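This report concerns only the one structure given below.
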Amino acid sequence: MPDEKAEQLLKDASHGIMGVIGDDGYPYTVPVNHVYENGKIYFHCAKSGHKIDALKSCDKVSFCVIAKSDVIPSKRATDYLSVIAFGKARIITDSNEIYRIAKLIGEKFSSDYPDETEKEINDTIKANSMYCVEITVEHMTGKCSLNNIQP
């Protein structure tokens, strides 16, 4: 799949699965709602928990989006579109950066409620109860079934 199409899938998807190195070296995967902008994946999260602990221990992550997965029993096949990105994560603690990222997330997921979103962002920043995470994508691969290849 061309990189442009893979990037568009990352941009359009409502969520992805982030993989990190968890406790005792076990893989840990967690679904997150995200935005994709300029080669970076962003999401917000609580300031404590397994995800943050893992990111503090190792910044290397993978991020997978499955945009389509339709099993076709008669063909014993699956019609699919997916992207997996690899990169390094950075925990964002600066309130100005958190505000910018939270606005991006709000625009993507709650664009019909700008006033409510703005209030929630400001309240959360004031309470100092949220981090944002930035994943800088180092490389990605998009895969698709033959049904999804554009000429």
Side-chain angles (χ1 to χ4, degrees), residues 1-111 117 120-121 124-125 127-150:
M1 171 186 306
D3 285 347
E4 299 80 28
K5 187 168 184 174
E7 283 189 303
Q8 192 63 48
L9 289 177
L10 277 176
K11 193 176 287 187
D12 292 343
S14 65
H15 66 281
I17 309 293
M18 181 179 67
V20 297
I21 298 171
D23 291 344
D24 298 323
Y26 283 97
Y28 174 70
T29 58
V30 60
V32 295
N33 295 107
H34 71 284
V35 294
Y36 177 81
E37 178 187 69
N38 299 324
K40 297 177 189 289
I41 298 164
Y42 298 100
F43 62 91
H44 64 78
C45 60
K47 294 179 93 170
S48 63
H50 194 72
K51 175 174 38 198
I52 287 296
D53 292 344
L55 291 173
K56 287 178 179 177
S57 294
C58 180
D59 64 352
K60 292 179 181 177
V61 302
S62 64
F63 193 86
C64 178
V65 167
I66 300 169
K68 182 178 191 179
S69 179
D70 298 324
V71 175
I72 306 168
S74 64
K75 295 187 179 182
R76 291 151 313 283
T78 302
D79 186 15
Y80 62 90
L81 290 166
S82 64
V83 175
I84 186 164
F86 300 88
K88 292 191 177 164
R90 176 175 72 96
I91 299 169
I92 297 171
T93 59
D94 176 75
S95 61
N96 291 326
E97 282 189 88
I98 289 172
Y99 178 84
R100 184 185 78 77
I101 294 163
K103 285 287 281 189
L104 288 174
I105 294 167
E107 289 166 4
K108 179 175 180 178
F109 293 103
S110 297
S111 61
T117 300
E120 186 173 354
I121 291 168
T124 303
I125 289 173
N128 195 24
S129 61
M130 173 177 75
Y131 283 149
C132 285
V133 175
E134 171 190 272
I135 300 170
T136 300
V137 176
E138 295 178 342
H139 66 280
M140 74 173 95
T141 57
K143 297 194 176 196
C144 62
S145 58
L146 294 176
N147 297 340
N148 291 297
I149 296 176
Q150 302 292 321

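Bear in mind that the values here come from a model prediction, so they are computed numbers and not experimental data.
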Val137 side chain near Tyr36 side chain, heavy-atom distance below 4.5 Å: yes
Which atom pairs, donor and acceptor, lie under 3.5 Å between side-chain atoms of residues 43-53 and protein residues at least two apart or in another chain?
unit_1: Lys47; atom_1: NZ; unit_2: Asn128; atom_2: O; d: 3.2
unit_1: Lys47; atom_1: NZ; unit_2: Asn128; atom_2: OD1; d: 3.0

Euclidean distance, Tyr131 OH relative to Ile98 CD1, rounded to 0.5 Å: 8.0 Å
Heavy-atom closest pair, residues Ala54 and Gly22: CB-CA, 4.5 Å
Contact summary for Ser14 and Asn33, nearest pair of heavy atoms: O-ND2, 3.0 Å
Student check: side-chain heavy atoms of Glu138 and Phe86 closer than 4.5 Å: no
For Thr78 against Ser145, the heavy-atom pair lying closest together: O-CB, 3.5 Å
Distance-minimising heavy-atom pair for Met1 and Ser82: CE-O, 4.0 Å
Lys108 side-chain N/O to His34 backbone N/O, donor-acceptor pair under 3.5 Å: yes
Inter-residue atom distance Ile125.CD1 - Ser95.OG, 0.5 Å rounding: 6.0 Å
Non-neighbouring partners of Glu134 that pass side-chain hydrogen bond (donor to acceptor under 3.5 Å, both in side chains), sequence neighbours left out: Tyr42, Arg90
Approximate separation, where rounding is to 0.5 Å, of Ile92 CD1 and Glu97 CD: 4.5 Å
Side-chain donor or acceptor of Asp24 paired with backbone N/O of Tyr26 under 3.5 Å: no
Set of side-chain hydrogen bond (donor to acceptor under 3.5 Å, both in side chains) partners for Glu120, sequence neighbours left out: none
Nearest-0.5 Å distance that lies between atom CZ in Phe109 and atom CG in Leu104: 11.0 Å
Value rounded to 0.5 Å, distance of NZ in Lys5 from CG in Asp3: 13.0 Å
Pair Phe63-Leu10, side-chain contact (heavy atoms from CB on, under 4.5 Å): steps then yes or no: CA-CA 9 Å; Phe63 193 86; Leu10 277 176; 4.1 Å; yes
Considering all heavy atoms, the nearest Leu55-Val20 contact: CD2-CG1, 3.8 Å
Side chain to side chain, Tyr99 and Ile121, heavy atoms closer than 4.5 Å: yes
Gap separating the CD1 atom of Ile17 from the OG1 atom of Thr29, nearest 0.5 angstrom: 6.5 Å
Ile21 atom CD1, over 12 foreign heavy atoms within 6.0 Å: no
Nearest atoms (heavy-atom pairs only) where Leu81 meets Cys144: CD2-CB, 3.5 Å
Passing option when Ile41 is tested against Val133, Thr136, Ile135, Val35 for side chain to side chain contact (heavy atoms under 4.5 Å, CB included): Ile135
Cationic N near anionic O, under 4.0 Å, Arg100 to Glu37: yes
